[in-house]
Amino acid sequence: MENRLQTIVNPLLGWYKTHRRELPWRVDKDPYHVWVSEIMLQQTRVEAVIKYYSRFIETLPDVESLSEVPEDRLLKLWEGLGYYSRARNLKKAAEKIVRDLGGVFPDTSASLRKLPGVGAYTAGAIASICFQEKVTAVDGNVLRVVARVTGSRENVLLPEVKKQTEAGLLEVLPDNAGDFNEAMMELGETVCLPGDAARCVECPLQGECLAHRDGLTAELPVRVKQMKRRQEQRTVFLLTAEDGRTAVEKRPDKGLLAGMYQLPNVEGFLSEEEIRSAAEAWGLQVLEIVFIKDAKHVFTHLDWLMKGYHVKVAHPAGDFLWATPEELQQQYALPTALKPFAPFPTAKKKRG
Ligand code: ADE
């Protein structure tokens, strides 16, 4: 398949040659400098970072000095940047480099990723800028540029969309991957700005950009926050009587899993004593309780975290339907959520 991103490589690199900003961490390509700047830039704008960066490097000029700095001194240097775990991770990583790597900075994205606080983006940035490795460095700016150029309406907050973006860029990455990566970030920070702040008239990629062509620049990229699903703990009862029948019940006609048959279950993780009491309250004579397993089922707005127990009882009783194994297989459609506890093999379903 043709990769539209191929068309942006030359115009982008040409633009970067003349428009790249002189930033203090660009003077040399020292990995320590690039690393500190990339960590600072993760949650803070370039203009704000410059001052912090210069003071940080003057005070702690190398990995050794960072590894030895007392924590309160470090946090003072970081004061105002926020997200202090970033600073603590910097020190931890410096300690690791000094202690385990003989003070030598890791020089591949894979080895960089083993440092505390260094994820795919930071590792890719350092490896491509300082060590010319052909790897991508995809941050929010790059996701925006790519979504617009390709006219993609996919949700850039999804990990798989980030992966697709990385794969698409990797295919077209030139030998000077560091320049390409920095040029993408720079374009996202200074020209391809979010929403209607985009300055398309200044953009070297205007001619290749599908969002621009279709008037979608302000709408892209799509960023849909996933709703936080409620987590519900449930105890599931596989109740079987000595005659071989199993208790099922019908769910209400409205709401979650409306009208389906289910194994009895209650909210919360019950202890074995509580399970016994519950079963007795349902009019059952409990013979044995055996834990089956833990299982999880993901609904749209809700997760069920389940613990299933096989509760052997003497006789069928209570407000349940007592189904023979054949009836269970043929008559009662158990929801996928409960199949981990089903006492019979079930047909594979595409989705739950
Ligand atoms: N934003 C984060 N890192 C950057 C870099 N290396 N160049 C330009 N902008 C950036």
Side-chain angles (χ1 to χ4, degrees), residues 5 8-9 11-57 78 80-83 85-87 89-90 93 105-109 112-113 115 117-149 156 162 165-166 169-170 173-195 197-199 202-205 221 223:
L5 295 172
I8 71 172
V9 177
L12 182 73
L13 289 173
W15 171 85
Y16 187 58
K17 268 206 188 99
T18 50
H19 288 78
R20 88 199 274 275
R21 289 170 294 181
E22 290 305 323
L23 299 170
W25 50 90
R26 287 189 177 158
V27 175
D28 51 37
K29 302 214 177 216
D30 183 300
Y32 177 66
H33 294 166
V34 171
W35 173 46
V36 170
S37 72
E38 289 298 346
I39 299 295
M40 286 185 172
L41 285 162
Q42 273 170 19
Q43 253 105 10
T44 315
R45 296 184 57 78
V46 170
E47 302 77 51
V49 161
I50 293 176
K51 198 174 78 214
Y52 283 95
Y53 170 83
S54 302
R55 190 181 61 175
F56 192 99
I57 296 295
W78 207 264
L81 278 171
Y83 300 95
S85 60
R86 291 188 290 167
N89 276 334
L90 271 179
F105 216 92
D107 62 0
T108 62
S109 59
L112 285 159
R113 283 196 69 165
L115 297 175
V118 176
Y121 162 76
T122 309
I126 301 170
S128 63
I129 296 169
C130 309
F131 304 113
Q132 291 75 50
E133 187 176 328
K134 277 180 89 168
V135 276
T136 57
V138 174
D139 66 355
N141 288 310
V142 177
L143 284 169
R144 183 168 61 255
V145 174
V146 171
R148 284 178 173 168
V149 167
V156 295
K162 185 164 183 216
T165 305
E166 287 165 346
L169 286 168
L170 193 60
L173 213 54
D175 286 337
N176 48 348
D179 281 351
F180 179 85
N181 287 338
E182 282 200 280
M184 287 290 274
M185 298 172 203
E186 192 99 339
L187 191 77
E189 279 164 0
T190 61
V191 176
C192 193
L193 296 168
R199 302 181 179 172
E202 296 169 29
C203 184
L205 310 183
R223 295 164 57 88

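Counting starts at 1 for both ligands and their atoms, in listed order. Everything quoted here is computed from the prediction, not taken from an experiment.
Formation of a donor-acceptor pair under 3.5 Å by the Glu133 side chain with backbone atoms of Ser109 is found in this model. Ser54 places no side-chain N or O within 3.5 Å of a backbone atom of Lys51 that could act as its donor or acceptor partner.
Rounded to the nearest 0.5 Å, atoms CG (Leu23) and CD (Glu182) are 8.0 Å apart.
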Test log, rule salt bridge (Lys or Arg N to Asp or Glu O under 4.0 Å), inputs Glu186 and Arg20: CA-CA 7 Å; Glu186 192 99 339; Arg20 88 199 274 275; over 6 Å; no

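With no hydrogens or angles considered, a side-chain donor-acceptor pair links Glu38 and Tyr121 at under 3.5 Å. In summary, the side chains of Asn89 and Arg86 do not present any donor paired with an acceptor at a separation below 3.5 Å, with no hydrogens or angles considered.
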Enumerate, one pair per line, all nitrogen or oxygen atoms of ligand 1 lying under 3.5 Å from a protein nitrogen or oxygen, stating the separation to 0.1 Å; write 'none' if no such pair exists.
from     : atom 1 : to     : atom 2 : distance (Å)
ligand 1 : 1 (N)  : Glu189 : OE2    : 2.7
ligand 1 : 3 (N)  : Glu38  : OE1    : 2.8
ligand 1 : 3 (N)  : Glu38  : OE2    : 3.1
ligand 1 : 3 (N)  : Tyr121 : OH     : 3.2
ligand 1 : 6 (N)  : Glu38  : OE2    : 2.8
ligand 1 : 6 (N)  : Glu182 : OE2    : 2.9
ligand 1 : 7 (N)  : Arg26  : NH2    : 2.6
ligand 1 : 7 (N)  : Glu182 : OE2    : 3.3
ligand 1 : 9 (N)  : Glu189 : OE1    : 2.9
ligand 1 : 9 (N)  : Glu189 : OE2    : 3.2

